[in-house]
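Computation of the quantities below employed the complete heavy-atom set of this structure, encompassing side-chain atoms and omitting hydrogens, waters and symmetry-equivalent molecules. Counting convention: from 1, in listed order, for ligands and their atoms alike.
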Amino acid sequence: MTVITYSPADVVDPDLHASGEVFGLWRWMRQHTPVHWHEPGDLPGFWSLTRYDDIRQVYQDPAVFSSARGVLLRPVDLGEDPGSGRTMALTDPPRHRALRGQVADRFSERCARSLADEMRAEIRSVVTRAVEAGSCDVVHDIGARLSGYNIGRLLGVPPEDREQLLTWTTEAFESGKPLTSHLALMRYFIDMMYARMEKPADDAMGMFVDNEVQGELLTETEILLSCENLVGASENAGLSMASGILALAGHPRQWQRLVRERDDELLRTAAEEVLRWTSSATHSMRTATTDTVVGGRRIAAGDRVVLWIPSANRDGSVFTEPERFDLGRQPNRHLALGTGEHVCIGSTMARHQMRMLLETLVESVAVVEPAGDVEPLRSITVNGPAHAAVRLVAR
Ligand code: HEM
């Protein structure tokens, strides 16, 4: 019998995330040490939470678990996140609600529906190009391209500039440096911001510039940080779509079921299962504002807690056969998009886009199969492939 002993300290080892072994560690932690203290080192000290119920409790209580001191683990020597206390993801109520309200209209169900035809046409064209090419890198050619076009449209980037935006953001993500250090991208946003100050427009940049938050306009720095926040957060959508196609390639029976049944309800549950299975956002972080208790452990005011989302989404106390990729899964109360006050503002759009991608694949593709090695990301923040070749054969 092989006995594997895990060290919870390895939960922040990017290689364990890249190899997928972190899922075994999370399973072990859920059972043996679901609320686990990590000593400070390169990273600050923090509590690791791996069970669904504990993670949900923290998400649902923004008064006790603040977002204002950062929502992602950062090496201590980088200091505080520059967006702390300023951007939507990094503020608490009531300012958080006001910031969310500033751009809420762009993320509404109504807005997503009004864009549906345009998004569907875009998805068809991207899938057709991939099919014609024979094989493609699902990360760049499908995931990043679709999410890049989407975020470009949302911010108000004209269609002719969206490929350029995609190139800059891809380079910035690949370098692993903060988006704000990518000068060409920031210069582009600065020009756009000044253009909106001259001439208002009905897009997210126009809203950042024109809509007051608690009676005041955002500063120029806050506007640029807000753009960075949106572009960075939307990377998740591209990764989920790319990982979703890989999951279909790796589970031919599930793919065949989708092709065979093709009904709207299955497409809906399939999109949710892809979100659960791929869980492209790996963690959220909060800081306790007061002494409290989670999962029977005392958390002191000022302590950080890290919520491992893919672990919550494989918790067997909530999901039947959590290790099974089941496109018909119901119920499926996954936390891939967070929950509570900070639940993903892009979730409506991400769900529509995922459903439309699955629908397009089913309509136009007969075979989805791996066409080479998958190079995984070495990241504790986002989960998915860095590159993955897949062959899509036309129907
Ligand atoms: C499958 C795709 C996506 C996944 C898995 C995902 C995941 C998440 C998660 C887990 C959160 C909660 C973070 C927290 O509570 O600290 C979040 C928040 C957020 N997401 Fe997404 N996201 C996705 C798509 C998008 C898209 C397409 C956009 C933008 C167009 C976006 C923008 C945001 C923003 C701005 C927040 C912060 C909301 C707030 O603090 O109120 N996300 N996302």
Backbone, side chain, both or neither: what part of M241 comes under 4.0 angstrom of ligand 1, heavy atoms only? neither
Could you walk me through whether R329 and E321 pass the salt bridge (charged side-chain N to carboxylate O under 4.0 Å, His left out) check? CA-CA 10 Å; R329 181 178 292 278; E321 294 189 76; over 6 Å; no
Below 4.0 Å from any atom of ligand 1, is there a heavy atom belonging to S67? no
When only distance counts, is Y59 in polar contact with ligand 1, meaning an N/O pair under 3.5 Å? no
Is there at least one pair of N or O atoms, one from N150 and one from ligand 1, spaced under 3.5 Å apart? no
Summary of salt bridge (charged side-chain N to carboxylate O under 4.0 Å, His left out) pairs that have at least one residue in residues 229-248, sequence neighbours excluded: none
Between E122 and R145, does at least one N-O distance fall below 4.0 Å, as a salt bridge requires? no
For D203, salt bridge (Lys or Arg N to Asp or Glu O under 4.0 Å) partners two or more places apart: R196
Can you tell me the protein heavy atom closest to atom 40 (O) of ligand 1 and the distance? H342 ND1, 2.6 Å
Closer than 2.8 Å to atom 21 (Fe) of ligand 1 - protein N, O or S atoms, ordered by chain and residue number: C344 SG
When distances are taken from atom 37 (C) of ligand 1, the protein heavy atom at minimum range is A89 CB, 3.9 Å
Which residue pairs pass the salt bridge (charged side-chain N to carboxylate O under 4.0 Å, His left out) test when at least one of the two sits in residues 305-317, sequence neighbours left out? R314-E323
